[in-house]
**Q** 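I have a structure here, written as structure tokens, and I will follow up with some questions on it.
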Protein chains: 2
Amino acid sequence: MLPPLRRARILELLRKDGMATLKDMSEALGVSMSTLRRDVDYLGESGHLERTHGGAMLNEDRRRALELEPAIASELESNAKRAIGYAAAELILTGQTVMFDSGTTTAAAARAARDRGIPFTAVTNDLAIAGLLSSSPSIRVLVVGGFVRTGTSTLLGPEILRAVSRLRADLVFIGTHALTPDDLSDTSADLADLKRSFVEAGERAIALVDTSKIFSRAFCSFANTRELDRVITDSRIRPEDLQALRDRVEVEIVSERE
Amino acid sequence: MLPPLRRARILELLRKDGMATLKDMSEALGVSMSTLRRDVDYLGESGHLERTHGGAMLNEDRRRALELEPAIASELESNAKRAIGYAAAELILTGQTVMFDSGTTTAAAARAARDRGIPFTAVTNDLAIAGLLSSSPSIRVLVVGGFVRTGTSTLLGPEILRAVSRLRADLVFIGTHALTPDDLSDTSADLADLKRSFVEAGERAIALVDTSKIFSRAFCSFANTRELDRVITDSRIRPEDLQALRDRVEVEIVSERE
DNA sequence: GAAGATCATGAATTATCTTGAAAGTACCTG
DNA sequence: CAGGTACTTTCAAGATAATTCATGATCTTC
């Protein structure tokens, strides 16, 4: 069995329950623990899954489709995402206006920003982010109106484009489905249009990217990396990718703690 | 059992009652006190729960921020509210546009409407209502943008007034803080303005009122009872109040089941 | 087409981590 | 303040992980 196939089947196994032990997987695939360990470590470093002692579980984004309990989802939120969110929140100054694109990485930034306790104005098209921020009395939260994308907490639509294009923000946090050294892209034209308008509305645009998304390409490009003011990602980025990216834009690498 | 799963299940247990003893949890999960103690301490340090002597409880702030829907599902929603919501949802016809005012009673109507499974378009200024409707693929959900009222899931502000005044709906469900035979009123001018625009935007306006609110008066009046097409309330209304109300508007009394 | 290099694999060894229990300490409660 | 309960610390056993090496397969290179 070819290694890529084996790795695909590991992810397939994980999709069943969201997590599995190494022992179970080695038996299911008929390979030795050594080989399986190497595969799982590889998939962990590339961000496709998360290692745990004795097993592995799906990457947060891939797990989302399984719709676990929110409390569980939050506990399983990756350290990388938390660290990226924390670094992003550090950039916010008192009184600024900050836009949060829809997504889990930007949600991590929103949570970290809330926990910093400084007053600022937030603008978002994500119901979950709005919910997170609403508990803090020092944060003014503006939700741009639009249609809910079924099964998600994202707001979309022409109304939103108009609303966003009228706004100016000091800081914009953008999530992305895929990032290459050249551009950022996402899965649908709707989303791409919206993210495009977010980038344009901000004085500074910061892309928050976890490494499972890095250097793949999705359907619709929505921004050039040179337009960004910074990319914040985690330390699992490959050195050669980092170099290619640094030729275009300032890159901040966060270290996952704990 | 993998450690992350065990920790997730601890949070799951806590979500049921809000708190639990270490002993109960160790038995429920089938792990030793030592292990459980380590997990609970870990979750305490990461902010997911609060330690107490002999047990643990869910972090209150986190509970609300994480999940908008379960907060409504809990005791907040009385049987009366459920019954009112059910009766309201019965009024919706396939393909109609329905506006949901912000509030727990209207949220009950939204939930019942979602569970009926018929396709319609919903308009709301409530994050929680949008969240619970978004899970149904047959419902188009439009969120009117605005500022979040701190500590609630209500959207407010001038943008929303403009947006609502441009819309037309077949049906509008209105919650109210207080109801007299003459008028409906609420606590702040902002809210009253908004509810006023909701009433005007709808072909038919239906007030959903549970009896704890009936026949009191709040600060700002926002509509005359004669403008309403119907009031839905529960059977605990006093007979003389019911009579006074029926002189002005059609009243539907629901019986609380269970 | 053969010799050498490179790589993937699995086994064996050693190191590290997790777990549960035991012993001692601090803390609530009556 | 006495008795029980919960907490902390420590340790040993088992499980998991990292490291190393031998083997066989594939790929280069001549």
Side-chain angles (χ1 to χ4, degrees), chain A residues 1-14 16-59 63 72 75-80 82-83 211-212 234-241 255-258, chain B residues 1-14 16-59:
Chain A
M1 170 150 45
L2 262 36
L5 174 60
R6 203 175 49 226
R7 289 175 191 145
R9 293 192 54 192
I10 289 172
L11 292 175
E12 207 173 324
L13 281 175
L14 287 179
K16 276 217 287 268
D17 311 311
M19 50 178 28
T21 66
L22 291 190
K23 197 183 276 179
D24 288 348
M25 289 190 279
S26 109
E27 283 172 18
L29 297 181
V31 296
S32 72
M33 290 290 283
S34 297
T35 301
L36 185 78
R37 217 181 280 286
R38 276 185 276 252
D39 281 341
V40 168
D41 287 347
Y42 170 85
L43 289 170
E45 274 166 36
S46 65
H48 289 87
L49 53 75
E50 322 224 354
R51 277 308 311 265
T52 72
H53 195 86
M57 55 194 195
L58 275 188
N59 166 311
R63 194 166 51 227
I72 297 178
E75 151 61 11
L76 300 181
E77 184 180 318
S78 74
N79 289 326
R82 257 199 295 273
T211 37
S212 68
D234 61 79
S235 54
R236 290 177 308 188
I237 184 173
R238 292 199 315 236
E240 62 268 34
D241 294 341
S255 56
E256 315 166 30
R257 288 147 306 181
E258 187 196 19
Chain B
M1 169 147 50
L2 262 34
L5 177 61
R6 204 176 48 226
R7 292 178 189 139
R9 293 191 54 190
I10 290 171
L11 291 174
E12 209 173 338
L13 283 175
L14 287 178
K16 277 219 280 274
D17 309 318
M19 55 180 9
T21 67
L22 292 190
K23 195 185 276 180
D24 288 347
M25 289 191 278
S26 106
E27 282 172 19
L29 298 180
V31 297
S32 73
M33 291 291 284
S34 299
T35 301
L36 186 79
R37 218 181 277 286
R38 277 185 275 250
D39 281 341
V40 169
D41 288 348
Y42 168 87
L43 289 170
E45 276 169 36
S46 65
H48 288 88
L49 53 78
E50 315 242 7
R51 279 305 314 261
T52 67
H53 198 82
M57 55 195 277
L58 219 52
N59 179 335

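Quick caveat: nothing in here was measured; it's all calculated off a predicted structure.
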**Q** Below the 4.0 Å mark, does C/dG20 have OP1 or OP2 next to a side-chain nitrogen or oxygen of B/S32?
**A**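 Affirmative; the distance criterion is met.
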
**Q** So does A/R38 get a side-chain nitrogen or oxygen closer than 4.0 Å to the phosphate oxygens (OP1/OP2) of D/dA18?
**A**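 For D/dA18, OP1/OP2 do not have a side-chain N/O of A/R38 under 4.0 Å.
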
**Q** How about A/R9 and A/L5: do any of their side-chain heavy atoms sit closer than 4.5 Å?
**A**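 Sidechains of A/L5 and A/R9: in contact.
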
**Q** How long is the gap from CG on B/L36 to CZ on B/R6, to the nearest 0.5 Å?
**A**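 Rounded to the nearest 0.5 Å, the CG-CZ separation comes out at 8.5 Å.
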
**Q** Classify A/S26 by what it touches in the nucleic acid, base, sugar-phosphate, or nothing, heavy-atom distance under 4.0 Å.
**A**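 No contact at all - A/S26 keeps every heavy atom at 4.0 Å or more from the nucleic acid.
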
**Q** Which whole-number value in Å describes the distance from B/L22 CG to D/dC7 P?
**A**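 Taking atom P of D/dC7 as the reference, CG of B/L22 is at 5 Å.
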
**Q** Atom NE2 of A/H53 to atom P of C/dT19: distance rounded to whole Å?
**A**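 Rounded to whole Å, this separation is 7 Å.
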
**Q** Using whole Å, report how far CE of A/M25 lies from C1' of D/dT16.
**A**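 Distance check: A/M25 CE to D/dT16 C1' gives 13 Å.
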
**Q** Evaluate the side-chain proximity of B/L22 to B/R51: yes if any heavy-atom separation is below 4.5 Å, no if none is.
**A**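 The answer is yes; the side chains approach within 4.5 Å.
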
**Q** Under 4.0 Å between any heavy atoms, over every strand shown, what does B/T52 touch: base, sugar-phosphate, or nothing? Just pick one.
**A**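 Counting heavy atoms under 4.0 Å across all strands, the contact made by B/T52 is with sugar-phosphate only.
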
**Q** Is any side-chain nitrogen or oxygen of A/T35 closer than 4.0 Å to OP1 or OP2 of C/dG10?
**A**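 It does, given that an N or O in the side chain of A/T35 lies less than 4.0 Å from OP1 or OP2 of C/dG10.
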
**Q** If I take atom OH in residue B/Y42 and atom C1' in nucleotide C/dC17, what distance separates them, rounded to the nearest angstrom?
**A**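 Checked: the OH to C1' distance equals 15 Å.
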
**Q** For B/M33 and C/dA22, what is the distance between atoms CE and P respectively, to the nearest whole Å?
**A**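 Distance check: B/M33 CE to C/dA22 P gives 14 Å.
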
**Q** Phosphate oxygens OP1/OP2 of D/dA17: is one of them under 4.0 Å from a side-chain N or O of A/R51?
**A**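 Checking D/dA17 against A/R51, a side-chain N or O does come within under 4.0 Å of OP1 or OP2.
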
**Q** Are B/L14 and B/H48 side-chain neighbours, meaning at least one heavy-atom pair lies under 4.5 Å?
**A**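 B/L14 vs B/H48: side chains apart.
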
**Q** Once you round to the nearest 0.5 Å, how far does CE of A/M25 lie from CE of A/M33?
**A**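 Going from the CE atom of A/M25 to the CE atom of A/M33 covers 8.5 Å.
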
**Q** Could you please name the option among D/dT8, C/dG10, C/dT19 that lies closest to any side-chain atom of B/R6?
**A**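 The answer is C/dT19, which lies nearest to the side chain.
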
**Q** Of the options D/dA6, D/dT16, C/dA11, whose atoms approach the side-chain atoms of B/K23 most closely?
**A**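 That would be D/dA6.
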
**Q** Is a side-chain N or O of A/N59 found less than 3.5 angstrom from the main chain of A/G47, in a donor-acceptor match?
**A**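 The answer is yes, because a donor-acceptor pair under 3.5 Å joins these two groups.
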
**Q** Under 4.5 Å between any side-chain heavy atoms of A/L13 and A/L29, yes or no?
**A**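 In short, these two side chains touch, coming nearer than 4.5 Å.
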
**Q** Compute the bend angle of the helix from C/dG1-D/dC30 to C/dG30-D/dC1 from the end axes (five pairs per end), rounded to 10°.
**A**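 End-to-end axis angle: 40°.
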
**Q** Once you round it to whole Å, what is the distance between C1' of C/dG10 and CG of A/L29?
**A**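 My rounded result for the distance is 15 Å.
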
**Q** How many whole angstroms separate atom CG of A/D24 from atom P of D/dT16?
**A**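 Interatomic distance, CG of A/D24 to P of D/dT16: 10 Å.
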
**Q** Nearest whole angstrom, please: distance from the P of C/dA11 to the CG of A/L36.
**A**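 Roughly 13 Å, once rounded to whole Å.
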
**Q** D/dC7, OP1 or OP2 - any side-chain N/O from B/R37 closer than 4.0 Å?
**A**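 Yes.
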
